[in-house]
Amino acid sequence: MSALLPPPTRPRIAIAGIHIESSTFSPQLAVAEDFEITRGDELFSRYSWIDETWSQAIEWLPIFHARALPGGVLERETYETWKSEILEGLRALGKLDGFFFDIHGAMSVVGLDDAEGDLITGIRSVIGTEPLVGTSMDLHGNVSHELFEGCDLLTCYRMAPHEDALESRRRAMRTLALRTLSGLGKPAKVLVHIPILLPGEMTSTRIETAKRLYARIPQLEAQPGVIDAAFWIGFAWADQPRCKAAVVLTGDDADVIERLAMSWAKEIWEARDEFEFVAPVDTMSGCLEWARTAHRPTLISDTGDNPGAGGANDTTCALGELLDFEPVMSGDLTAIVASLHDAESVRAAIDAGTGAVADFVVGGKIDRRDPGPLPITARVQHIGTDPLGGSTAVLKVLRDGHDTGLTVIVTERRKQYSDLESFTRLELDPTATDIVVVKIGYLEPDLYELQRDWKMALTPGGVDQDLIRLGHMKIDRPMVPFDENVDSVQLRVITG
Ligand SMILES: [Zn+2]
């Protein structure tokens with residue numbers, strides 16, 4: 001596909017979207033304050049390539065974008081307000097040539113099982129069926145029938161961790177722009193759903209099996225007649241019929257893309273039993289037993305409550321186990337719990353003052369899963385602030401009036417301790433600590449370099465890696481890994 005000369009009037013493409021990944025198993029709700037909102041030309045800061053030649057041939061018309069860190073289900077009223085703003089913005093623009101839907105793809109809204117499907121259906125009701133619609137998504141998003149129906153060009157990230165997030169967004173906008181400029185009209189598209197639902201920690205593209213399956217993309221896109229090939233892992237921590245893996249191919253040769261999509265989907269389906277965790281896994285108590293003799297620093301991912309995936313950031317399973325772990329409580333080993341979202345304990349620490357000893361009841365206030373809020377006696381070791389976590393207190397746990405080896409970080413807002421600077425800002429040195437427990441899944445580069453031994457604890461929480469114990473009710477069945485007898489599953493091509 002090549003760009004023709006821009007016509008005298010540039011094609012008009014509007015932009016809007018809401019970007020959040022919501023766990024429906026997390027008791028917290030996402031609210032407007034959790035989002036960074038951009039309107040009008042402010043949106044161009046998301047598209048650093050806007051001055052590239054292909055992009056200048058388009059009149060981009062940004063309306064509204066809201067973006068939050070992964071969290072809970074979005075309040076209905078907030079969603080409806082934003083949806084209305086987007087639809088009114090589109091109405092005011094009049095006739096459009098295209099629309100760019102800038103989303104994550106795993107947003108949940110109270111009372112809706114397919115939020116992005118609802119939003120694009122609303123958008124189509126305003127712009128009509130004619131304009132070309134392109135979307136760029138996270139590979140942990142879901143492709144429902146409504147979303148597939150509403151979009152003409154769908155693509156997603158190809159790397160997890162998502163090092164190609166910007167590149168993917170650029171690719172999606174460029175494809176949309178070039179297609180619009182070409183005057184060729186809508187391409188053909190095919191969707192194949194694959195009944196697999198896997199946690200992100202089993203599908204890192206840095207290792208097999210996902211690595212091999214994503215490596216197919218350049219070969220697929222090299223075939224004549226193919227515009228884009230995309231593979232969604234899907235989002236495991238929502239209980240909705242749309243949650244499953246998906247393959248979408250777009251192109252100008254309907255037969256070719258159908259054949260390629262089906263063979264790729266079959267290859268993914270055949271690999272369903274090959275996905276493995278990116279690191280050794282164990283229960284939290286198993287991880288601590290192992291940590292007695294592991295290399296230092298020993299890192300333990302408290303995966304079930306990972307705020308980076310939507311966890312509430314305040315479950316106390318890991319802390320509870322540490323409070324019973326004699327090597328740390330006796331002070332022979334040192335450990336940091338990073339962290340608990342607990343504004344109440346932060347306030348109590350500030351009231352007590354640095355150096356003061358006080359009783360606290362920490363964690364378990366939002367996600368009350370066992371063991372729930374835990375009483376500790378602690379010295380306020382440090383009070384600080386963090387750009388994301390807000391006011392933050394470092395609590396040194398005491399037992400019978402003596403220091404233990406245990407330090408607990410409590411924060412005013414949700415905050416993931418994924419980099420070294422977050423610790424050093426609080427005058428903590430994880431490199432000199434025996435055991436560092438972080439609410440995270442796979443490790444970000446800083447932590448990966450810092451650890452000498454690493455395990456992932458399969459802790460309970462809103463983003464439990466043990467999917468089966470979450471109790472999904474509304475997903476399609478059969479589904480891997482929920483069902484054993486899946487041999488009769490037939491993959492089906494949906495065309496559009
Ligand atoms: Zn993702």
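Order of listing sets the numbers, starting from 1, for every ligand and every atom in it. Atoms considered below: every heavy atom in the structure, side chains included; atoms not considered: hydrogens, waters and symmetry mates. The model shown is predicted, which means the values in this text are computed figures rather than measured ones.
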A.B. asks: Side chains of Asp419 and Ser422 only: does a donor on one sit below 3.5 Å from an acceptor on the other?
C.D. replies: yes
A.B. asks: Scan side-chain atoms only and decide if Ser108 and Gln240 contain a donor-acceptor pair under the 3.5 Å cut-off.
C.D. replies: yes
A.B. asks: Going by the angle between their ring planes, with limits at 30° and 60°, are Trp237 and Phe235 parallel, tilted or perpendicular?
C.D. replies: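 Aromatic pair Trp237/Phe235 classed perpendicular.
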A.B. asks: Taking the six-membered ring for Trp and the full ring for Phe, Tyr or His, determine whether the centres of His472 and Phe25 are under 6.0 Å apart.
C.D. replies: yes
A.B. asks: Could you pull out the N/O/S protein atoms under 2.8 Å of the Zn ion (ligand 1), ignoring any water?
C.D. replies: Asp138 OD1, Asp138 OD2, His140 ND1, His162 NE2
A.B. asks: For the residue pair Lys415 and Tyr417, would you count it as a cation-pi contact if the rule is NZ or CZ under 6.0 angstrom from the ring centre and within 45 degrees of the ring axis?
C.D. replies: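 Yes.
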A.B. asks: Scan side-chain atoms only and decide if Asp102 and His19 contain a donor-acceptor pair under the 3.5 Å cut-off.
C.D. replies: no
